[in-house]
Every structure is written in C-alpha cells, then in structure tokens.
Amino acid sequence: MAIVESIRQTIAPVHREGYPFLAGVGGVTLITLFLGWGWVFWPLAILTLWVAYFFRDPARSTPLREGLVVSPADGKVSMITHAVPPPELGL
C-alpha cells in the first residue's frame, strides 16, 4: 500500500468534471487493446494520459504576505503599472 499512497501524493488528482472525458477516451483505448489494434492503442493511450493531465486539480496555496502580487490562473505577471481606463467605460 505504500506505493499506491506514494503515487497518490505525487500525482495531482483529476477534477471531477474531467471524468466523463477521461472515461470516454479511456474506454475507447481499452476497446482497441482488447481488439488487438496495437497501432491504434498506443496513440490513444498517450491521449488518455494527456486528458488526465489536462484535467488535473492540484492543491493550491496562495501566499498571504503583505505587498505580494499574485497572478490569476497560474499565469505570469508581466507588468505592474497604472493604466488609464478606456473612455467608453466612463471612469
């Protein structure tokens, strides 16, 4: 059981909304495996792993120190400056 627990702590879990996509691609991958279509199985196996990676839901921790700027959605803050709002906003 130590190996399974180690894997669970290392790999981020799949978000629940990704399960239908993962089940669909994984099901087709398993069907090709049972049919013996190796030339189709391996690309689909890679696609299944990519879908699981795409829908990962890692635990996030936001730093709470004073004066920090935190970028949204794991993005990169490229510039911090004062900007004039567009005139159509009427600000």
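Computed from a predicted structure; not experimentally measured.
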Could you see if F41 belongs to whatever hydrophobic cluster contains W37? Use Ile, Leu, Val, Met, Phe, Trp, Tyr and a side-chain cutoff under 4.5 Å. no
Keeping the roles fixed (side chain from S6, backbone from A2), state whether a donor-acceptor pair exists under 3.5 Å. no
Tell me, which pairs form a side chain to side chain donor-acceptor pair (under 3.5 Å) where one or both residues lie in residues 81-91, sequence neighbours left out? none
If Ile, Leu, Val, Met, Phe, Trp and Tyr residues are connected whenever their side-chain heavy atoms lie under 4.5 Å apart, and connections chain through other members, are Y53 and I11 in the same group? no
Within 6.0 Å of OH in Y19, more than 12 heavy atoms from elsewhere: yes
Grab the two heavy atoms, one from L68 and one from P63, that are nearest each other, plus how far apart they are. CD1-CB, 3.5 Å
Considering all heavy atoms of both residues, which atom of V40 and which atom of T32 are nearest to each other, and what is their separation? CG1-CG2, 3.8 Å
If two hydrophobic side chains count as joined below 4.5 Å and joins carry through other members, does I31 share a cluster with L47? yes
Tell me, yes or no, whether the heavy-atom count around F55 atom CZ, taken from other residues, nucleotides or ligands under 6.0 Å, exceeds 12. yes
Are V28 and V25 side-chain neighbours, meaning at least one heavy-atom pair lies under 4.5 Å? no
Please check if F34 and W39 belong to a single hydrophobic cluster, counting links between Ile, Leu, Val, Met, Phe, Trp and Tyr side chain heavy atoms closer than 4.5 Å. no
Test of understanding: clusters of I, L, V, M, F, W, Y form through side-chain heavy atoms closer than 4.5 Å, transitively. Do W50 and L30 belong to the same one? no
Report the C-alpha distance between V14 and L22 in whole Å, list the side-chain angles of each, state the deciding distance to 0.1 Å, and finish with yes or no for side-chain contact (heavy atoms from CB on, under 4.5 Å). CA-CA 9 Å; V14 176; L22 189 58; 4.2 Å; yes
